[in-house]
Amino acid sequence: MSQKYVGKGLRKSDAHALTTGQPVYTDDIAPAGCLIVKVLRSPHAHALITDINTDIAKKVPGIACVLTYQDVPQQRFTMAGQTYPEPSPYDRLILDQRVRFVGDAVAIVAGETDEAVDRALRMIKVKYEVLEPVLDFHKAKDNKILIHPEENWVANCPVGADNQRNLCASGQEAYGDIDAVLSGCDVVLERTYHTKANQQTPMETFRTYTQLDTYGRLNIISSTQVPFHVRRILSVALGIPKSKVRVIKPRIGGGFGAKQTVITEVYPAIVTMKTGRPAKIVYTREESMIASSPRHEMEVTVRIGAMKDGRIRGIDLYTLSNTGAFGEHGPTTVGLSGHKSIPLYSGNQEAFRFRYDVVYTNVMSAGAYRGYGATQGIFAIESIVNELADVLHRDPIDLRMQNMVREGMCMPAYYGEVTNACALDRCVQRVREMIGWDEKIKPRVLPNGHIRAVGMAMAMQGSAISKVDVGAVILRLSDDGTYNMLLGCTDMGTGCDTILAQMAADCLGCRMEDIAVYASDTDTAPYDSGSYASATTYVTGMACVRACEELRGKILHQGAKMLNLSEDAVEFDGKRVYALEDDTCAVTLADIAYSGQCNCSDVLSATVSHSSLVSPPPFMAGAAEVEVDPETGHVELIDYVAAVDCGTPINPNLARVQTEGGIVQGIGMALYEDIVYAADGTNLSNSFMQYKIPSRLDIGTVRVEFETSYEPTGPFGAKSIGEIVINTPSPAIADAVARATGVRVRTLPITAEKIVRGMMEQA
């Protein structure tokens with residue numbers, strides 16, 4: 001199979017449309033005149049609605065609909081876009097009498113204009129019985145205050161959930177006798193690391209447009225990563241068959257996991273169902289900050305045991321995760337905090353134990369964010385390995401080279417999988433060279449008194465959820481000899497539409513422009529789990545390759561029939577089917593396509609669905625150089641370097657952009673981003689004035705290289721890249737700061753105040 005396109009850094013197929021401002025996003029598509037939908041939100045962290053009066057609000061001119069919990073279905077559901085049966089509990093109602101965080105939905109108002117809706121929202125009179133909230137996730141488990149006391153709370157999967165204990169999930173996994181192994185180690189360190197919730201902050205806020213079509217079916221046009229899951233979730237929430245729901249995804253202005261949760265879809269949907277009219281909701285930035293689905297706050301306690309010679313023999317990890325008011329993604333994110341961190345040190349590992357609790361609290365519910373729990377666990381594991389290096393007086397890179405997982409190794413903490421392709425050792429060595437580690441490992445004091453130092457970290461992730469995620473492709477030969485490719489996956493700006501077209505063009509021997517790509521319409525596209533879990537290139541990519549192989553076979557068969565030859569006697573070169581013995585005896589692809597229009601019983605198309613029994617991890621190493629002002633504690637990131645093993649990069653340019661973007665998000669998590677709550681549970685980080693994300697001026701130089709490997713279960717040898725890229729900045733930057741100042745910050749973000757206080761305590 002020749003490769004004209006795969007491995008080439010081609011421009012995204014939709015680049016021109018996006019850069020010239022063509023109307024491709026949800027709010028562009030929603031027509032003028034549709035109802036404006038907004039939500040009245042709770043001022044209390046925990047309360048019961050004792051009375052709600054909407055009479056005056058309904059009389060406001062231009063108001064079409066005012067809904068309370070008394071007006072909507074009372075079927076519990078989850079907003080988590082996950083494969084059925086969902087691991088996340090059914091603990092949501094469209095509107096509930098009990099509100100569980102400041103910002104929770106109290107009423108839905110729809111009207112002709114923003115002004116009318118805003119006025120009506122002010123006219124709704126609500127009386128609350130204010131209840132004591134649970135705001136500290138350390139105190140949530142087995143607290144007498146229950147976040148979800150309702151009897152119709154449902155856990156669909158055995159994840160250790162118990163609403164009577166405020167537990168969204170709980171469990172334990174182990175390999176070997178960890179206590180015996182640790183007792184036999186020369187050095188045992190125990191540390192606790194705390195990562196706060198982080199917002200994904202996509203440029204496009206959450207938004208959905210809904211309408212009823214000619215046949216009375218509910219059409220959802222939404223900025224979502226999971227169209228098929230949206231269809232199922234709305235079917236459950238609204239109490240209507242899935243056949244009555246159609247979901248279409250236009251272009252997405254950023255998702256990063258946030259739009260794997262059905263944040264907005266249910267509100268205009270219920271309005272359209274009640275009124276029969278088109279409706280749209282567009283979250284403000286404040287709403288996106290206070291009522292969305294940020295990263296789970298986690299506290300990770302690690303015990304690590306090693307010998308004096310540096311052999312890491314065992315890791316014991318406990319994660320306490322804060323799912324907030326609802327359980328979206330709570331049972332699944334926590335698993336990655338152990339499964340994607342402990343296996344990094346499989347080289348000499350004799351035992352591990354991984355325990356976790358996921359608790360409900362009265363703050364905004366958490367959800368999916370790039371890295372999906374691995375980010376939190378890797379911050380803890382990589383930080384403690386850096387601390388272990390200090391205790392053993394070892395170079396952190398040398399210690400990692402001694403203990404890291406390598407190609408061909410079994411990873412007991414990673415579901416027992418074996419690494420088919422692993423270039424982690426080469427990634428670490430490349431980073432060592434890129435940052436100039438050997439020359440910079442000792443901190444340097446500059447003439448102005450500032451201190452420069454370096455730190456590093458490794459990471460791994462996965463490629464889809466093994467035995468679960470599904471990708472599918474429908475490939476059709478058009479009557480002019482070009483192709484139509486229908487995809488169920490969603491391009492979030494990552495360029496998967498482009499990447500899949502690159503694969504198909506090489507498989508079919510055609511030009512990329514000969515393939516028209518259609519994506520993410522639940523009525524026309526094949527079922528796809530959605531764009532999450534780093535699945536698209538690996539899973540849908542393999543479905544694409546297999547669909548091309550099947551269609552090539554059909555083209556070959558039809559061409560041979562037209563030439564009155566056997567299939568063994570002909571070949572297909574992408575443009576024609578020709579006889580092997582006489583290549584002038586041929587039939588063009590266009591003629592083959594036209595043959596399907598007359599007296600033909602064969603359809604020249606292929607539909608392929610693909611799932612994988614394994615989830616081959618990509619690997620990465622990253623290193624940071626920082627400059628710290630010891631007087632103020634100010635940290636400036638000077639340089640960040642990274643080397644990534646994503647198997648075969650299908651499009652190196654898009655892979656590089658993904659890596660750079662993920663690194664910048666990781667830098668934000670490390671140094672700037674912090675969700676802060678007031679004593680009453682009010683989210684104070686409700687705008688970009690309070691919630692700081694890094695600008696171009698804050699990130700120094702970011703440099704990315706690739707160390708290729710070949711994953712035999714992936715298309716063209718590819719693994720994933722989407723999530724792993726966010727995982728190394730936090731521990732690498734924390735280590736660099738510790739080397740510069742002697743202050744080990746174990747609670748993110750790393751702020752000047754924490755550094756100064758730490759230095760004062762050392763004095």
Side-chain angles (χ1 to χ4, degrees), residues 1-3 5-6 13 83-84 226-229 231 249 463-478 481-491 495-510 512 514-559 567 572 574 589 592-593 596 601-616 647-648 650 711-720:
M1 190 184 298
S2 63
Q3 293 185 21
Y5 295 105
V6 169
S13 301
T83 301
Y84 185 85
V226 286
F228 285 92
H229 295 333
R231 182 179 65 170
K249 178 212 72 78
S463 300
I465 305 171
S466 59
K467 305 175 187 176
V468 172
D469 285 344
V470 172
V473 172
I474 297 174
L475 194 61
R476 294 200 297 255
L477 180 63
S478 299
T482 60
Y483 300 92
N484 287 20
M485 186 162 63
L486 281 69
L487 307 173
C489 61
T490 58
D491 193 327
C496 68
D497 290 357
T498 305
I499 288 168
L500 293 167
Q502 288 179 254
M503 294 185 197
D506 274 350
C507 289
L508 294 168
C510 67
M512 276 184 66
D514 291 334
I515 302 173
V517 179
Y518 305 88
S520 304
D521 181 336
T522 58
D523 268 13
T524 59
Y527 175 81
D528 189 290
S529 306
S531 292
Y532 61 91
S534 302
T536 306
T537 298
Y538 177 70
V539 175
T540 309
M542 187 54 79
C544 176
V545 170
R546 288 177 50 203
C548 291
E549 292 171 350
E550 183 178 323
L551 184 55
R552 281 183 68 99
K554 291 184 176 182
I555 291 169
L556 200 67
H557 172 78
Q558 183 68 8
E567 289 184 45
F572 174 51
L589 184 60
I592 293 172
S601 57
D602 294 326
V603 178
L604 295 177
S605 69
T607 301
V608 171
S609 181
H610 177 72
S611 189
S612 178
L613 297 177
V614 295
S615 176
T648 301
I650 303 298
E711 173 52 51
T713 65
F716 295 89
K719 299 186 286 187
S720 75

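- When only modelled atom types and interatomic distance are considered, Thr490 and Ser531 share a side-chain donor-acceptor pair under 3.5 Å.
- Here Ile465 contributes atom CD1 and Ser529 contributes atom OG; the two are 7.5 Å apart, rounded to the nearest 0.5 Å.
- Remark: side-chain polar atoms of Asp497 are not paired, donor with acceptor, to backbone N or O of Asp491 under 3.5 angstrom.
- To the nearest 0.5 angstrom, Cys507 atom SG is 6.5 Å from Glu549 atom CD.
- Residues Cys489 and Thr536 meet the side-chain proximity criterion, which asks for heavy atoms closer than 4.5 Å.
- Rounded to the nearest 0.5 Å, atoms CE (Met485) and CG (Asp514) are 12.5 Å apart.
- Proximity of Asn484 to Leu475: side-chain heavy atoms (C-beta onward) are nowhere separated by under 4.5 Å.
- With hydrogens and angles disregarded, a donor-acceptor distance shorter than 3.5 Å links the side chain of Gln502 to the backbone of Tyr5.
- For Arg231, the side chain to side chain contact (heavy atoms under 4.5 Å, CB included) partners two or more places apart in sequence, or in a different chain, are Phe228, Lys242, Val245, Val247, Thr522.
- Atom CG of Leu604 is separated from atom CG of Leu589 by 9.0 Å, given to the nearest 0.5 angstrom.
- Taking the side chain as every heavy atom from C-beta outward, Val473 and Leu486 never approach each other to under 4.5 Å.
- Side-chain atoms of Ser13 and Met512, non-hydrogen and from C-beta on, do get closer than 4.5 Å to each other.
- Atom OG in Ser478 sits 7.0 Å away from atom CZ in Arg476 (nearest 0.5 Å).
- A search for salt bridge (charged side-chain N to carboxylate O under 4.0 Å, His left out) contacts involving Glu567 returns nothing, not counting sequence neighbours.
- Using a 3.5 Å distance cut-off with no hydrogens or angles, the side chains of Tyr532 and His229 do pair a donor with an acceptor.
- In this structure, a donor-acceptor pair under 3.5 Å is absent between the side chains of Ser609 and Tyr527.
- Under the 4.5 Å side-chain criterion, counting only non-hydrogen atoms from C-beta, Glu550 is in contact with Val608.
- The line from NZ of Lys719 to CD1 of Ile650 is 12.5 Å long, rounded to the nearest 0.5 Å.
- No side-chain heavy atom of Thr482 sits under 4.5 Å from any side-chain heavy atom of Ile515.
- A side-chain donor-acceptor contact under 3.5 Å links Ser463 to the backbone of Pro616.
- When atom types are taken as modelled, the side chain of Arg552 and the backbone of Phe572 share a donor-acceptor pair closer than 3.5 angstrom.
- At least one side-chain heavy atom of Gln558 sits under 4.5 Å from a side-chain heavy atom of Asp602.
- A donor-acceptor contact under 3.5 angstrom links the side chains of Thr540 and Asp528, judged on distance only.
- Put simply, the side chain of Ser612 reaches to within 4.5 Å of the side chain of Tyr538, judged on heavy atoms.
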